Protein chains: 2
Amino acid sequence: MALRGELQTGGIVRDGLSRQVADQLRAAIVEGRLKVDDRLPNEDGLAQHFGVSRATIREALKILAAQNLIRSRRGPAGGTFVSRPDPQGLGSAIADAAMLLVGTGDIGMEDMLTARAETEAVCCRLAARARTADDLAALRAELALQRDPTLRDEEFCASDLRFHRALVQATHNPPLKLMMYAVIESFIPVTNMLIYRDHERRLSVDLHEAITDAVAAGDGPRAAELMARHLEGMRGLLTATLDRRAAGPAV
Amino acid sequence: MALRGELQTGGIVRDGLSRQVADQLRAAIVEGRLKVDDRLPNEDGLAQHFGVSRATIREALKILAAQNLIRSRRGPAGGTFVSRPDPQGLGSAIADAAMLLVGTGDIGMEDMLTARAETEAVCCRLAARARTADDLAALRAELALQRDPTLRDEEFCASDLRFHRALVQATHNPPLKLMMYAVIESFIPVTNMLIYRDHERRLSVDLHEAITDAVAAGDGPRAAELMARHLEGMRGLLTATLDRRAAGPAV
DNA sequence: ATTAACCTATTTGTCAGACCTTTTAATCTT
DNA sequence: AAGATTAAAAGGTCTGACAAATAGGTTAAT
């Protein structure tokens, strides 16, 4: 068996049998004693193994499930299994948390635009080297959409998001993709919300197109420079918007 | 009350009253209906409100607690409270998951070094502009440690980690810090483990020192270039190590 | 023989109620 | 007024039961 079973019950234990069980199971997973798709003992078995009640085991399993480490199914062939870690799930968790940090003001607009400019410039450079024909097609498909002047703002922002997603994808670099989830799923929506009210679409699309061309040509530095200019323009819009709001509290 | 209460109980619901409760509470938090440090009703109250048992409520709360959205304390003045989202907790979650992704081979060494080189170069550029005297002191403290030739490999790696952490800190850019958690807490330890067996410490420290000096001088481009060279050197070590292992399966 | 319907065992999901432990605050004692 | 005692509130755990889903085997009908 790949599980150990000593829970601290006396001494300086800060409450939490379920936490301790979760920690032990997590350790078993990250240390490889439990491999992907391994099946854990059923809940009664775990309860017996750890010497706690089934309710406690279930709380522990919920913790691990919330961290995308395990999944459960009912039925005879069911049970609890170690999950393959998926960047998707992790990404949305990052995005959620980043959204909260923005909401509480722990992350400011200025810094966000700086981080976007720098990291997306990196993506441009790498994409220029690694992009495939499919990547370029995906980028251009979004450009075509964005040229449509009848597109609603909402749809435009969604397309913008997909454009940046495709750009990250074009780097074909998994760890970078992981890091960029925070930008793509959280920072971009937030910045767009504040900025695209000013209908600066055309300028934006022109820059997107220039970036795509540079990526297509394999000219990383130029693509990066264009992206930096793009974000610099947004920074200008931001300060303008804030000034206007500060001056006239209209409507 | 900031909570709604309609749970789907019939139809195409894929199991999970506890999941639904957690989702509703999470929504209330991210949409701001529940603010930081707000106190939720007690578990019996929540059970009544959602029309489920207390066990189900507890499982839901464990899910949210695992995502660092709430915390609980016992006693009369206790209860369940909305947590201030902390980058720390999120960072370790990212690091855990990234570690797993590395373990399963979903993330390769080559790509990791590329991502490190690019993103840490970004940090160099920003740090050169924003670093304070304290930041420089922290960087130089680690350098002094690393000069000690009697330092064990383990300690050296820990100091290296702190150096890079301090570099990120010196950017004073919260969103970037958030993104760099994956690099700092996961990618760096993994790369170090594979590479510092070859005792290339001196070269490494020299580059670290040059980077620090460039950051101190406010010369971002030079710091970034040095960092890129540093990582390029590690890439060379990596291929050498792999070649040697492929050739001689010694010991 | 093949298919459809049914049963059954296994496993997670939920419930109800009880008791334990921790913590705070009010009360009592000195 | 200071300290000790106690009661109440809240989360933490346990127990035992039942509900629901599901894979697999069994039976009945075609």
Side-chain angles (χ1 to χ4, degrees), chain A residues 3 5-25 34 37-83, chain B residues 3 5-25 34 37-83:
Chain A
L3 302 176
E6 315 104 36
L7 300 189
Q8 295 185 43
T9 167
I12 31 173
V13 177
R14 309 186 172 291
D15 248 331
L17 282 182
S18 56
R19 198 184 54 71
Q20 290 181 56
V21 170
D23 286 347
Q24 292 213 15
L25 289 174
L34 288 171
D37 288 334
D38 272 2
R39 177 184 172 163
L40 278 67
N42 67 22
E43 296 180 349
D44 284 316
L46 287 171
Q48 225 172 328
H49 178 83
F50 285 106
V52 298
S53 76
R54 202 186 140 209
T56 300
I57 291 293
R58 281 187 61 76
E59 290 181 3
L61 294 180
K62 285 294 178 193
I63 292 173
L64 298 179
Q67 297 167 342
N68 280 308
L69 290 173
I70 60 172
R71 60 186 187 282
S72 294
R73 275 198 334 264
R74 286 207 266 212
T80 302
F81 302 84
V82 178
S83 279
Chain B
L3 302 176
E6 316 102 37
L7 301 188
Q8 295 185 43
T9 165
I12 31 175
V13 176
R14 309 186 173 290
D15 248 329
L17 282 182
S18 57
R19 198 183 53 72
Q20 290 180 57
V21 170
D23 287 346
Q24 292 212 17
L25 289 174
L34 288 171
D37 288 334
D38 272 3
R39 175 183 171 163
L40 278 66
N42 67 23
E43 297 180 348
D44 283 317
L46 287 170
Q48 223 171 331
H49 177 83
F50 285 107
V52 299
S53 76
R54 199 182 147 212
T56 301
I57 291 292
R58 283 188 58 79
E59 290 181 4
L61 293 181
K62 286 294 177 191
I63 292 173
L64 298 179
Q67 297 168 342
N68 281 307
L69 291 173
I70 61 172
R71 61 186 186 281
S72 295
R73 273 199 335 263
R74 288 207 260 210
T80 303
F81 302 84
V82 177
S83 280

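Note that the structure is predicted; figures quoted are calculated from it, not measured. All chains are named by letter (A, B, ...) in the order of the sequence lines, taking the proteins before the strands, and each is independently numbered beginning at 1.
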Polar side-chain contact A:Arg54-C:dG13 base: donor and acceptor under 3.5 Å: yes
Side-chain donor/acceptor of A:Arg71 to backbone N/O of A:Val82, under 3.5 Å: yes
Quick check: closest heavy atoms across A:Arg39 and A:Gly78, and the distance to 0.1 Å? CZ-O, 3.1 Å
With the side chain defined as heavy atoms from C-beta on, A:Ser53 is closest, among D:dT13, C:dT12, D:dG11, to D:dT13
Note: contacts of residues 74-82 of chain B with DNA chain C (heavy atom, under 4.0 Å) are B:Arg74, B:Gly75, B:Pro76, B:Ala77
So, does B:Arg39 get its side chain near the phosphate of D:dA10, meaning an N or O under 4.0 Å from OP1 or OP2? yes
Using whole Å, report how far CD1 of B:Ile63 lies from C1' of C:dT14. 14 Å
For residues B:Phe50 and B:Ile57, determine if any side-chain heavy atom of one lies less than 4.5 Å from a side-chain heavy atom of the other. yes
Measure from the side-chain heavy atoms of B:Ala55 and tell me the nearest of C:dC15, D:dA10, D:dT15. C:dC15
Closest approach of B:Ala65 to B:Ile70 (non-hydrogen atoms, all atoms of both residues): N-CG1, 3.6 Å
Flag for B:Ser72-B:Thr80: side-chain donor and acceptor within less than 3.5 Å: yes
For B:Arg73 and B:Ala77, indicate whether the former's side chain and the latter's backbone hold a donor-acceptor pair under 3.5 Å. yes
